[in-house]
Protein chains: 2
Amino acid sequence: MSKVKVSSTNFANKAALSDECSEVYAANIIGGQWSLAIIAWLMNGKLRFGQLKKLLPGITERMLTLQLRKLEDNKIVTRVVHAEVPPRVDYELTTIGYELKPIIDQLSIWGDKHKGL
Amino acid sequence: MSKVKVSSTNFANKAALSDECSEVYAANIIGGQWSLAIIAWLMNGKLRFGQLKKLLPGITERMLTLQLRKLEDNKIVTRVVHAEVPPRVDYELTTIGYELKPIIDQLSIWGDKHKGL
DNA sequence: TAGGGTACTATAAAAAATGTAAGTAATGTC
DNA sequence: GACATTACTTACATTTTTTATAGTACCCTA
């Protein structure tokens, strides 16, 4: 996940589209397999790594870590490490992270409508 | 793209998440590399295969075909073949397809805001 | 001293998505 | 008959994403 080939056509295509369309740009940021689910859970407030893990049955620790890092890199979540043993790490949405709510709401509304077809 | 392994963990995870969260369900439907861009262009009205191709620099015919098929399967677009030579095929959003507009709008708004950070 | 809890990291492999290159069908024009 | 046009299809290669499995560090408790 962290090693994309910046010389690939795929990379160039994504970059070009992201540049032109803000909606594609946004979709690329929140578009991992688990990202939206993580964000949705965090909408209710901060959670620890382990809590997220329990809330997302099937996710591996590696995936959770990767997605959280990506979200952190994109300033969607903040990561706060407490100097304790055993370790405790809190994840919380940033301001711009919380502002994803309208998107999630619209996706949810549309998804429900589409399911009913 | 058409051969997903229904026995894979990945498939199971996606299905489970889609089931629980309508927003993830929606994201899975509109979430190909080019899907959103295609949908965004079609928001202004129907387009031919070749027109879409021109509007999306970098896309290959194969990818365009695949994405359009997926959108068609998901009832986002309709495909109308005109019995002419050379062939002419029109793609147009369905009702539920046009209803994706709020999502695209919100993504666009958020994307712009995020770019400005 | 052994084991437990927490949040990771490293490495490999599998699966999925995307790209490349070539070919097809039908018909009208030169 | 060769060629152009359009919307594909097919076989294959590459890239990206996700999963699997096994570790690590830290201190506390028994």
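By convention in this document, chain letters (A, B, ...) are assigned in the order of the sequence lines, proteins followed by strands, and residues within each chain are numbered from 1. Here the structure is a predicted model, which means the values were calculated and not measured.
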Inset, instruction - Starting from the 5' end of DNA chain C, give me the residue, Val81(A) or Lys5(B), whose nearest nucleotide shows up first. - result: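 Final value for this comparison: Val81(A).
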
Legend entry - Under the salt bridge (charged side-chain N to carboxylate O under 4.0 Å, His left out) test, residues paired with Lys113(B) that sit two or more places apart: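 For Lys113(B) the salt bridge (charged side-chain N to carboxylate O under 4.0 Å, His left out) partners, ignoring immediate neighbours, are Glu99(A).
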
Legend entry - Earlier contact from the 5' end, DNA chain D, for Leu68(B) and Thr9(B):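 Going by which nucleotide is closer to the 5' end, it is Leu68(B).
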
Legend entry - 5′-ward residue of the pair Phe11(B)/Arg88(B) relative to DNA chain D: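 Looking at the nearest nucleotide for each, Arg88(B) comes out on the 5' side.
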
Legend entry - Residue list, side-chain contact (heavy atoms from CB on, under 4.5 Å) with Val6(A), at least two apart or on another chain: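 Val6(A) satisfies side-chain contact (heavy atoms from CB on, under 4.5 Å) with Phe11(A) only.
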
Legend entry - Summary of salt bridge (Lys or Arg N to Asp or Glu O under 4.0 Å) pairs that have at least one residue in residues 88-97 of chain B, sequence neighbours excluded: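 Matches after skipping sequence neighbours: Glu84(B)-Arg88(B), Arg88(B)-Asp90(B).
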
Inset, instruction - Sort and list the pairs that fulfil salt bridge (Lys or Arg N to Asp or Glu O under 4.0 Å) and have at least one residue in residues 16-32 of chain A, not counting sequence neighbours. - result: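 Matches after skipping sequence neighbours: none remain.
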
Inset, instruction - List in numerical order all residues of residues 45-59 of chain B for which some heavy atom is under 4.0 Å away from an atom belonging to DNA chain D. - result: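 Going residue by residue through residues 45-59 of chain B, the ones with a heavy atom under 4.0 Å of DNA chain D turn out to be Arg48(B), Phe49(B), Gly50(B).
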
Check the distance between [N]'s [atom2] and [X]'s [atom1] and give it to me in whole angstrom.
X        : N       : atom1 : atom2 : value
Leu36(B) : dT18(C) : CG    : P     : 12 Å
Glu84(B) : dT29(C) : CD    : P     : 14 Å
His82(A) : dC27(D) : NE2   : C1'   : 17 Å

N/O donor to acceptor pairs below 3.5 angstrom from side-chain atoms of residues 25-38 of chain A, sequence neighbours left out:
| from | atom 1 | to | atom 2 | distance (Å) |
| --- | --- | --- | --- | --- |
| Tyr25(A) | OH | His114(B) | ND1 | 2.8 |
| Asn28(A) | ND2 | Ser18(A) | OG | 2.8 |
| Gln33(A) | OE1 | Asn10(B) | ND2 | 3.1 |
| Ser35(A) | OG | Gly32(A) | N | 3.4 |
| Ser35(A) | OG | Gln67(A) | OE1 | 2.8 |

Legend entry - All pairs passing side-chain hydrogen bond (donor to acceptor under 3.5 Å, both in side chains) where residues 37-58 of chain A contributes a residue, at least two apart: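 Every side-chain hydrogen bond (donor to acceptor under 3.5 Å, both in side chains) pair that includes a residue of residues 37-58 of chain A, provided the two are not neighbours, is Lys53(A)-Glu61(A).
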
Inset, instruction - Start with the C-alpha distance between Lys115(B) and Leu117(B), add both sets of side-chain angles, then the distance that settles side-chain contact (heavy atoms from CB on, under 4.5 Å), and finish with yes or no. - result: CA-CA 5 Å; Lys115(B) 276 183 186 174; Leu117(B) 285 187; over 6 Å; no

So, does [X] get its side chain near the phosphate of [N], meaning an N or O under 4.0 Å from OP1 or OP2?
X        : N       : value
Ser8(B)  : dA16(C) : yes
Arg69(A) : dT9(C)  : yes
Gln33(B) : dT16(D) : no
Gln67(B) : dT18(C) : yes

Legend entry - Under-3.5 Å donor-acceptor pair between Arg62(B) side chain and dT9(D) base: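 It does not, because no donor-acceptor pair links the side chain of Arg62(B) to the base of dT9(D) below 3.5 Å.
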
Inset, instruction - Just jot down the side chain to side chain donor-acceptor pair (under 3.5 Å) partners of Asp73(A), sequence neighbours excluded, or say none. - result: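 With sequence neighbours excluded, Asp73(A) shows a side chain to side chain donor-acceptor pair (under 3.5 Å) to no residue whatsoever.
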
Legend entry - Residue pairs fulfilling ring-ring contact (aromatic ring centres under 6.0 Å, His included) with at least one residue in residues 53-108 of chain A, sequence neighbours excluded: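 As it turns out, there is no ring-ring contact (aromatic ring centres under 6.0 Å, His included) pair with a partner in residues 53-108 of chain A once direct neighbours are skipped.
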
Inset, instruction - For Thr94(A) and Ile76(A), indicate whether the former's side chain and the latter's backbone hold a donor-acceptor pair under 3.5 Å. - result: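 Present.
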
In a table with atom names and distances, give each donor-acceptor pair under 3.5 Å that connects a side chain of residues 101-111 of chain A to protein atoms at least two apart or in another chain.
| from | atom 1 | to | atom 2 | distance (Å) |
| --- | --- | --- | --- | --- |
| Lys101(A) | NZ | Asp105(A) | OD1 | 3.4 |
| Lys101(A) | NZ | Asp105(A) | OD2 | 3.2 |
| Trp110(A) | NE1 | Ile96(B) | O | 2.9 |

Write down the protein N/O and nucleotide N/O pairs, taken from nucleotides 1-5 of chain C, whose separation is under 3.5 Å; answer none if there are no such pairs.
none

Legend entry - Interface residues of residues 13-26 of chain A with DNA chain C (non-hydrogen, below 4.0 angstrom):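 Contacting residues: Asn13(A).
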
